[in-house]
Amino acid sequence: MRARSIATATATALALVAARDLVQKKHALLRNFPVLGHARYLLETIGPELRQYIVTSNDEERPFSRDQRTWIYASAKGENNYFGFGTDNDVEHTQGHAYLKQRTFAGTLPDVHDPQAPLPSAKVLGGPRGRAKAFRPASVVNISAMSFGSLSGAAITALNKGAALAGTLHNTGEGGLSPYHRNGGDLVLQIGTSYFGCRNEDGSFNIDKLKDVVAGAPVKAIEIKLSQGAKPGLGGMLPGAKVTPEIAEIRGIPRGEDCASPSRHTAFGDVDSMLDFVELLAAETGLPVGIKSAVGEMEFWEELATLMARGDRGVDFVTVDGGEGGTGAAPLTFSDSVSLPFRMGFSRVYGAFAERGLTDDLTFIASGKLGLPENAAVAFALGADMINVAREAMLSIGCIQAQKCHTDKCPTGIATQSPWLARGLDPASKATRAAVYLRTLRKELLKVSAAVGVAHPALITATDIEIMNGDYEARTLAGVYGYKDGWGELGPHLAEEITALLTTEQSSEQSSDQSAEQSSDQKPTA
């Protein structure tokens with residue numbers, strides 16, 4: 001009797017669905033195939049999940065393959081991140097894959113087994129321009145710009161605590177400095193076109209508000225965002241419904257009102273006035289000041305390098321973002337087809353400064369899928385001094401690459417402002433995972449550097465890596481990107497300094513251990 005009732009109810013429901021499908025005019029598929037047509041939309045909805053877990057091979061998915069995600073997850077959990085039975089890449093025929101050339105002999109190298117994996121920058125940030133608060137970043141791997149608003153408060157908290165545990169810098173993103181950024185991690189304050197947190201009521205820049213923000217938080221540097229790889233030259237609109245009282249207070253905007261972000265800065269309008277703005281911020285705060293940009297036309301970079309060659313004004317660092325970089329939301333055309341990919345864009349920017357002999361005078365920071373050892377090694381070989389990681393850091397705290405960032409329905413509570421979804425993310429445990437991932441990436445970079453026979457990844461050169469074209473041709477990075485002799489390399493003084501910094505510390509530790517062992521071996525005499 002019960003089974004008959006269930007069957008009757010099911011048949012009635014299906015009949016109602018069929019009747020609705022037949023009379024609606026929005027979907028021709030459902031009018032022609034009532035009820036059955038819904039299966040197509042269901043498969044379309046769960047298509048990404050089916051491809052991610054069932055259909056594609058370990059190295060096919062984008063933006064991050066299953067192998068890449070597995071390595072990040074295992075690294076973040078402190079689990080075995082090795083792979084067995086050899087590579088499953090088609091190394092015999094794959095075009096464009098990069099291979100490092102190991103050296104048979106090497107000098108003194110740092111300890112690759114230190115759990116903290118200390119790996120400081122080879123350059124002092126702000127040092128060449130004499131900034132009052134110049135410093136040597138303690139880590140070459142740092143967390144890239146992701147704003148509170150695009151990420152939940154719980155996610156920002158986890159990343160900031162993870163940065164503190166790992167000794168890395170945490171970029172605030174252009175959404176302002178939130179309470180979630182104040183959990184112990186040192187910060188890079190990013191200033192975007194809307195000047196959130198340091199703006200007047202009309203949206204113009206306010207230097208006094210900036211100084212107040214800097215004075216009240218552990219800000220180590222300021223980054224002026226010109227553009228990012230996933231949506232260069234594109235403004236944005238924050239709907240009033242999303243301008244909560246908390247976000248309004250952090251960003252300095254009216255509650256409940258639409259907030260448009262312009263595509264260009266209003267505090268300056270060309271390279272010359274931009275350098276004046278950079279020097280103003282540096283003088284008023286004492287902090288190193290740099291810019292972040294994707295790479296399109298090269299006139300901007302050529303003019304910047306030319307003006308910096310005079311020596312009176314200049315940026316302290318340049319963050320180059322690749323077109324393959326991520327974002328919470330962007331038009332498909334911008335994600336797919338605007339701005340150059342990282343390797344091509346970075347090499348052109350580096351070349352503009354190298355032609356003028358300026359590469360030792362500023363720090364090059366690289367971003368765009370560089371949170372994997374092989375990609376990071378290529379970036380360092382091209383001349384990067386540090387790398388920023390964003391989506392890889394998100395993966396370390398639980399992101400599953402659901403690609404729902406733009407819907408506010410992130411299932412892991414990371415890229416959402418939904419209190420219900422965000423409550424599922426525990427900042428304390430995820431902070432530990434973020435820190436372990438960051439340390440593990442540094443450790444892998446030390447291992448790769450040691451294989452090449454150098455003490456620091458910044459000492460890997462553009463001739464130490466070759467780009468394969470199947471099994472019949474290979475060219476060095478230098479050859480592929482037109483590097484001249486010495487490009488991508490640190491100056492002799494910087495190379496000697498960072499090598500001594502890493503190997504002297506190890507030698508001191510070994511001497512202390514040997515002294516302790518000798519003391520314990522000595523026997524008292526009568």
Side-chain angles (χ1 to χ4, degrees), residues 62-65 67-69 71-72 75-76 81 96-100 117 119 121-123 137 139-146 159 162-163 166 168-171 173 188 223 227-230 232 290 292-295 317-327 335 339-350 363-396 399 401 434 437-449 452 456-460 462 464-465 467 477 480-481 488:
R62 295 293 181 270
F64 293 91
S65 71
D67 274 351
Q68 291 170 336
R69 296 197 315 275
W71 182 84
I72 293 172
S75 298
N81 61 4
H97 196 75
Y99 287 92
L100 288 91
L119 192 55
S121 171
K123 294 176 181 175
S139 174
V140 298
V141 179
N142 298 287
I143 297 177
S144 193
M146 293 178 283
L159 292 173
T168 71
L169 297 169
H170 181 193
N171 193 306
V188 175
E223 180 178 81
S227 63
Q228 69 181 89
K292 175 181 179 176
S293 181
V295 182
F317 64 92
V318 168
T319 302
V320 177
D321 197 17
E324 63 270 53
T327 183
S335 293
S339 85
L340 295 174
F342 170 75
R343 295 180 185 180
M344 185 175 294
F346 183 91
S347 61
R348 292 184 183 182
V349 170
Y350 185 91
T363 293
F364 291 93
I365 303 175
S367 65
K369 290 185 68 175
L370 302 180
L372 300 155
E374 59 271 30
N375 292 348
V378 171
F380 281 109
L382 288 172
D385 301 297
M386 300 195 295
I387 61 169
N388 284 346
V389 297
R391 287 171 294 178
E392 300 91 328
M394 291 170 62
L395 288 166
S396 77
C399 170
Q401 196 171 280
Y437 160 70
L438 293 166
R439 293 191 199 111
T440 302
L441 180 54
R442 289 201 302 251
K443 187 181 298 185
E444 292 288 317
L445 287 171
L446 281 168
K447 290 179 181 178
V448 168
S449 302
V452 179
H456 190 280
L459 299 173
I460 299 174
D464 289 324
I465 296 179
I467 304 298
L477 273 179
V480 171
Y481 294 107

Are [X] and [Y] close enough that some pair of their side-chain heavy atoms sits under 4.5 Å apart?
X	Y	result
L119	V141	no
L445	F380	yes
L370	V378	no

Any residue meeting side chain to side chain contact (heavy atoms under 4.5 Å, CB included) with [X], in chain and number order, not counting sequence neighbours:
X	result
S449	V454, P457, I460
L340	V295, M344, R348
V480	I467, R475
A166	T168, A435, L438, R439, R442

In a check of side-chain contact (heavy atoms from CB on, under 4.5 Å) between [X] and each of [options], which one passes?
X	options	answer
V188	T319, N142, L169, I365	L169
I387	L441, N375, V140	L441
S144	K292, E392, R391, M394	K292

Walk me through whether Y481 and R343 qualify under side chain to side chain contact (heavy atoms under 4.5 Å, CB included). CA-CA 8 Å; Y481 294 107; R343 295 180 185 180; 3.2 Å; yes
For [X] against [Y], the heavy-atom pair lying closest together:
X	Y	value
L477	A381	CD1-CB, 3.7 Å
A98	I465	CB-CG2, 3.9 Å
F346	G383	CZ-C, 3.7 Å
Y437	G371	OH-O, 2.7 Å
T440	W71	CG2-CZ2, 4.3 Å
D321	G368	OD1-N, 3.9 Å

Considering only residues two or more places apart or on different chains, which pairs with a residue in residues 378-390 satisfy side chain to side chain donor-acceptor pair (under 3.5 Å)? K123-D385
Indicate yes or no for a side-chain donor-acceptor contact from S227 to the backbone of A294 under 3.5 Å, with no hydrogens or angles considered. yes
Residues in ring pair (Phe, Tyr, Trp, His ring centres under 6.0 Å) contact with Y350, at least two apart in sequence or another chain: F364, Y483
Report the distance from atom CE of M386 to atom OG of S367, rounding to the nearest 0.5 Å. 11.5 Å
